[in-house]
S.K.: 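Below you will find the structure I want to go over with you.
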Amino acid sequence: MRKIDLKASLFEKALPILNCLETAGYEAVFVGGAVRDYLLNHPIHDVDIATSAFPNEVKQLFKKTVDVGIQHGTVMVLYSGNSYEITTFRTENGYEDSRHPDSVQFVRSLVEDLKRRDFTINALAIDRKGVIFDYYNGLQDLDNSIIRAVGEADERFAEDALRLMRAIRFMAQLDFVIEPQTWKAILNHASNLAAISVERIANEWHKTVLSPFSSKGIKAFVKSGLFYYCPNYGSLEDKLGWIADNNLNFTSEASYWACLSYLCRFEISRMVQTMKAWKLSNQLISDASVILKNLRCLSQRDLNAMELFETGERLIVETESIAKQLTYSNCELPDNGVSLLSGESVSKLQKNYSQLPIKSKKELAINGKQLMEIVGLTPGPKVGKLLDAVLSAVVSGKVTNETSKLIDYCINNGRLN
């Protein structure tokens, strides 16, 4: 029996929850990703609890609860300023949509509950004394850096096709390998991914490309053929492979989409169309569009002052991160005419941005109200256009950011006529 110390961790804060359940005569353990990450000495951000108590029994024991998924046995308990999801041990039956069980049956057995988990490294549990429950050799697979399906791999992927993407994601996050039978099952069930909502796929894919060992996950994604079943990805095999071969690291989802689109020579409209097919947010699409525009510009020239200003510091940093990788890559680019970026232009990005006289429109020494009061303008489009003209003049260094100078600039350049 293997035992660990639960002191000085999020587990310790949640021990009163387990104590309460056990005092009432129920079994209660920590389960899931937090257990896996704790055993790997990785940081954990929340903990999940599984128990033999049924949902109504859990609700009777705690004063503040929320029914977050009670039909599947999950109750959120609010305790001492924290929230904990407590799920009843359960078995699942039938997966007509390749994602959700047709029926859920609550049970009192931890062994049966862990049996329905996806991979052995996620089928571990720890009780309040730090005793580890490992019925499917998850500890051995952790020690050997292996991703292995619990039980029959074909059954696990037939139950929930999202597990196909989760396997790829864990490779990228943990630097693990997928054992042969599990890999074979992924190949057998790859087409089932088409039944999964694109939002779910995108969530797993973004975690993969932002992981420390993303190239490993991307290569498996391509080799498995899973990319065929993602929106507008059927023809991108070589571009995805190039990203993996060059070990590109992405600082954000936006930088990934912009880089992929640059390599594919997508116009912004084409990138937007693809991202909308993935049902991504307008903000993410907007950020990716700015970065792609910058990358295309940097292949020819420096960004001018207004382009730097409009990009903003956050996206300047993200642009520079991916641009440097596209500048200093030692591999040949995909044979579609796209070019590596100018190292000289990329190296100036943050320096040039830092030298801008202002970084925000709020820093202008004049505002619309002042313009109307000083020069007698009435509210309307002309005020906005005038402020835009003044902003451009300040950013480009044509006029000093002082109220009197800005008024003189408007008068001298006929802006108030």
Side-chain angles (χ1 to χ4, degrees), residues 32-33 36 72 90-105 112-124 135-138 140-142 144-209 211 213-238 240-241 243-244 277-279:
R36 176 198 68 233
H72 295 113
R90 69 183 194 237
T91 59
E92 300 171 344
N93 299 289
Y95 295 81
E96 289 296 325
D97 64 356
S98 297
R99 173 69 181 125
H100 303 98
D102 297 335
S103 64
V104 170
Q105 182 178 356
E112 287 298 310
D113 181 78
L114 295 178
K115 186 178 181 179
R116 69 178 175 81
R117 307 278 169 166
D118 52 6
F119 308 111
T120 60
I121 59 174
N122 295 331
L124 297 163
Y135 301 109
Y136 304 102
N137 296 318
Q140 182 177 341
D141 286 339
L142 274 184
N144 294 325
S145 302
I146 290 174
I147 298 168
R148 185 192 312 272
V150 174
E152 291 293 328
D154 281 308
E155 292 181 10
R156 298 292 80 77
F157 293 122
E159 291 167 351
D160 183 356
L162 187 63
R163 289 169 175 168
L164 300 162
M165 293 296 297
R166 284 170 59 81
I168 301 301
R169 190 244 295 181
F170 288 130
M171 285 187 74
Q173 287 182 329
L174 305 176
D175 193 22
F176 279 24
V177 297
I178 299 176
E179 65 88 24
Q181 289 305 310
T182 300
W183 177 252
K184 183 179 179 181
I186 289 175
L187 299 180
N188 290 341
H189 296 272
S191 62
N192 290 355
L193 189 65
I196 301 300
S197 71
V198 69
E199 294 93 339
R200 294 277 191 172
I201 296 173
N203 183 51
E204 293 296 330
W205 182 235
H206 285 154
K207 289 178 181 178
T208 299
V209 297
S211 291
F213 308 96
S214 59
S215 62
K216 197 169 189 176
I218 295 172
K219 287 180 180 179
F221 178 69
V222 171
K223 189 176 181 180
S224 65
L226 288 171
F227 73 97
Y228 281 120
Y229 306 99
C230 296
N232 297 355
Y233 264 36
S235 62
L236 305 187
E237 180 177 0
D238 61 334
L240 292 167
I243 288 173
W278 280 72
K279 298 186 178 180

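For clarity, every value in this text was computed on a predicted model and none was experimentally measured.
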S.K.: Which atoms form the tightest heavy-atom contact between L114 and Y135, and what is the distance?
M.R.: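 Looking at all heavy atoms of both residues, the closest pair is CD1-CD1, 3.7 Å.
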S.K.: How close do F170 and I147 get, counting heavy atoms only, and between which atoms?
M.R.: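 Residues F170 and I147, closest heavy atoms: CB-CD1, 3.6 Å.
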S.K.: Would you say the side chain of V177 lies within less than 4.5 Å of the side chain of K216, judging by non-hydrogen atoms?
M.R.: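 They are in contact (side-chain heavy atoms under 4.5 Å apart), so the answer is yes.
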S.K.: Do I121 and I146 have side chains that get closer than 4.5 Å, going by heavy atoms?
M.R.: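 Of all side-chain heavy-atom pairs linking I146 with I121, none is under 4.5 Å.
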S.K.: Give the minimum heavy-atom separation between S211 and R169, together with the two atoms involved.
M.R.: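 Answer, listing the atom of S211 first, then R169: OG-O, 4.4 Å.
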S.K.: If we ignore hydrogens and angles and just use 3.5 Å, is the side chain of E179 paired with the main-chain N or O of Q181 as donor and acceptor?
M.R.: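 Yes, E179 side chain to Q181 backbone: donor-acceptor pair under 3.5 Å.
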S.K.: Is it true that a side-chain atom of R36 and a backbone atom of L124 form a donor plus acceptor pair closer than 3.5 Å?
M.R.: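 The answer is no, because no donor-acceptor pair under 3.5 Å joins these two groups.
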S.K.: Could you pull out the closest heavy-atom pair between T120 and A149, with the gap in Å?
M.R.: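 For T120 versus A149, the nearest heavy atoms are CG2-O, 4.0 Å.
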S.K.: Mind checking whether F119 and R166 have side chains closer than 4.5 Å, heavy atoms only?
M.R.: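 With C-beta onward as the side chain, the pair touches.
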S.K.: Is it the case that the side chains of N122 and R117 hold a donor-acceptor pair, with the cut-off being a distance below 3.5 Å and no angle test?
M.R.: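 The answer is no; no qualifying pair exists.
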S.K.: Does Q173 form a side chain to side chain contact (heavy atoms under 4.5 Å, CB included) with K207? I'd like the steps, not just the answer.
M.R.: CA-CA 8 Å; Q173 287 182 329; K207 289 178 181 178; 4.2 Å; yes
S.K.: Taking the ring centre of each residue, are Y233 and W278 less than 6.0 Å apart?
M.R.: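 Between W278 and Y233, which both carry aromatic rings, the centre distance is below 6.0 Å.
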S.K.: Any side-chain heavy-atom pair from Y229 and N192 closer than 4.5 angstrom?
M.R.: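 A side-chain contact under 4.5 Å is absent here.
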S.K.: Side chains of T208 and I168, heavy atoms from C-beta outward: is any pair under 4.5 Å?
M.R.: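 A side-chain contact exists here, since the closest heavy-atom pair is under 4.5 Å.
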S.K.: Where the side chain of R200 meets the backbone of L162, is there a donor-acceptor pair that is under 3.5 Å apart?
M.R.: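 No; zero donor-acceptor contacts below 3.5 Å.
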S.K.: How many angstroms lie between atom OG1 of T182 and atom CG of L187, to the nearest 0.5 angstrom?
M.R.: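 The distance works out to 11.0 Å.
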S.K.: Taking all atoms of both residues into account, what is the closest heavy-atom pair of I178 and M171, and its distance?
M.R.: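 Residues I178 and M171, closest heavy atoms: CD1-SD, 3.4 Å.
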S.K.: For residues 217-225, which side-chain N or O atoms pair as donor and acceptor with protein atoms under 3.5 Å away, sequence neighbours left out?
M.R.:
from	atom 1	to	atom 2	distance (Å)
S224	OG	A220	O	2.9
S224	OG	F221	O	3.0
S224	OG	L226	N	3.3

S.K.: For the pair L240 and F227, evaluate side chain to side chain contact (heavy atoms under 4.5 Å, CB included) and give the outcome as yes or no after the intermediate values.
M.R.: CA-CA 9 Å; L240 292 167; F227 73 97; 4.2 Å; yes
S.K.: Contact between N188 and F157 at the side-chain level, heavy atoms closer than 4.5 Å - yes or no?
M.R.: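 No. Closest side-chain heavy atoms not under 4.5 Å.
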S.K.: Can you name the nearest heavy-atom pair linking A244 to S215, along with the distance?
M.R.: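 That would be O-CB, 3.3 Å.
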S.K.: Kindly write out the residues that satisfy side-chain hydrogen bond (donor to acceptor under 3.5 Å, both in side chains) with R148, not counting sequence neighbours, or none if the list is empty.
M.R.: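 With sequence neighbours excluded, R148 shows a side-chain hydrogen bond (donor to acceptor under 3.5 Å, both in side chains) to D141, given in chain and number order.
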S.K.: Report yes if some heavy atom in the side chain of W205 is under 4.5 Å from a heavy atom in the side chain of M165; otherwise report no.
M.R.: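 Side-chain contact under 4.5 Å: yes.
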S.K.: If you define the side chain from C-beta out and look only at heavy atoms, does anything of D118 sit under 4.5 Å from D160?
M.R.: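 They are not in side-chain contact.
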S.K.: With a 4.0 Å cut-off on N to O distance, would you call R116 and E112 a salt bridge?
M.R.: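 Here R116 does not pair with E112 in a salt bridge, since their nearest N and O are not under 4.0 Å apart.
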